[in-house]
Amino acid sequence: TPSALDRGRAVGPYESTLRQLVHLFKYTRRHTLAAPLGALMRQHGADLLADADCVIPVPLHPRRRRARGFNQAAELAAYLGPPVVHALRRTVATPPQTGLPAAQRHRNVRGVFVPARPRPWWMGWGKRGTRSVAVQGACVVLVDDVATTGATLEACARVLRGCGAREVRALTLARVVRRESP
């Protein structure tokens with residue numbers, strides 16, 4: 001099937017120093033890393049962000065967000081420039097994707113994401129200048145920390161396409177690179 005993503009970019013491969021930084025940020029709650037990591041993403045994804053209407057962080061299930069204390073994708077998105085729109089929500093608490101083969105990752109996220117419930121007009125602006133607005137006709141950039149097979153980004157992009165997004169791009173901090181053995 002054709003991809004729902006128009007294009008994507010990562011700052012670098014998910015290895016060595018970048019992998020260590022992702023782990024420090026994500027698993028030891030080093031929130032202070034969000035600004036410099038977001039700046040790296042903004043620099044490496046400048047062409048993706050230049051004419052984007054908004055950035056959309058990949059959502060965590062509420063249970064995982066409570067356990068972790070924050071959504072790393074939302075933290076990074078706040079430093080990218082365009083308005084942050086929480087246009088998606090995760091309805092199923094799936095097991096972590098770590099260690100799953102590609103086919104299982106795609107099955108694991110099928111039907112998990114849905115459009116976010118619209119906020120009442122009187123709620124107005126949210127945290128850090130974010131707000132919920134329609135994505136219909138918009139050029140959006142999905143934001144996540146790590147892309148492995150792209151299953152999560154693809155699942156989110158399909159929902160955004162269903163909501164009428166004109167273009168869906170993806171920007172991640174790191175990308176798992178599988179090297180062929182000689």
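Remember, it's a predicted structure, so these values are computed and weren't measured experimentally.
To the nearest 0.5 angstrom, R166 atom CZ is 9.5 Å from R161 atom CZ. Y14 OH to T148 OG1: the interatomic distance, rounded to the nearest 0.5 Å, is 7.5 Å. We find the CG-CD distance between L142 and E154 to be 10.0 Å, quoted to the nearest 0.5 Å. Expressed to the nearest 0.5 Å, how far CG of L21 lies from CG of D145 amounts to 12.0 Å. With rounding to the nearest 0.5 Å, the separation of CG in L18 from CG in L173 is 5.0 Å. Rounding to the nearest 0.5 Å gives a distance of 12.0 Å between CZ of R169 and CD1 of I56.
Taking both residues in full, the closest heavy atoms of G137 and D53 are given as O-OD2, 4.5 Å, listed atom of the first, atom of the second, then distance. Heavy atoms only, all atoms of each residue included: G45 and L171 are closest at CA-CD1, 3.9 Å. When all heavy atoms of V143 and M41 are compared, the pair lying nearest together is CG1-CE, 3.8 Å. A pairwise comparison of heavy atoms in A157 and L5 identifies CB-CD2, 3.7 Å as the closest pair. For the residue pair P82 and A52, the shortest heavy atom distance occurs at CB-O, 4.3 Å. Taking both residues in full, the closest heavy atoms of G38 and L76 are given as N-CD2, 4.0 Å, listed atom of the first, atom of the second, then distance.
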Criterion side-chain contact (heavy atoms from CB on, under 4.5 Å) on V55 and V85, from CA distance to verdict: CA-CA 6 Å; V55 294; V85 175; over 6 Å; no
Using side-chain contact (heavy atoms from CB on, under 4.5 Å), reason through R175 and V146 one step at a time and then give a plain yes or no. CA-CA 6 Å; R175 169 88 179 155; V146 179; over 6 Å; no
Apply the test side-chain contact (heavy atoms from CB on, under 4.5 Å) to residues T172 and L153: give CA-CA distance (whole Å), side-chain angles for both, the deciding distance (0.1 Å), then the verdict. CA-CA 10 Å; T172 61; L153 294 168; 3.9 Å; yes
Could you walk me through whether E167 and R7 pass the side-chain contact (heavy atoms from CB on, under 4.5 Å) test, one step at a time? CA-CA 9 Å; E167 189 173 346; R7 55 191 174 134; 3.9 Å; yes
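Annotation: side chain of V114 is not in contact with side chain of R90 (no heavy-atom distance under 4.5 Å). A heavy-atom distance below 4.5 Å is found between the side chains of Q72 and F25. Residues Y27 and R68 are in side-chain contact: their nearest non-hydrogen atoms beyond the backbone lie under 4.5 Å apart. Looking only at side-chain heavy atoms (C-beta outward), V22 and Q20 stay at 4.5 Å or farther from each other. The side-chain heavy atoms of V159 and P115, taken from C-beta on, include a pair separated by under 4.5 Å. Side-chain contact check for V84 versus P57: some heavy-atom pair is nearer than 4.5 Å.
In this structure, the side chain of D144 does not engage the main chain of V58 through any donor-acceptor pair within 3.5 Å.
Legend: ring pair (Phe, Tyr, Trp, His ring centres under 6.0 Å) pairs involving residues 36-62, not counting sequence neighbours: none detected.
Clustering ILVMFWY residues whenever any of their side-chain heavy atoms sit less than 4.5 angstrom apart, transitively, puts F70 in a cluster other than the one holding L60.
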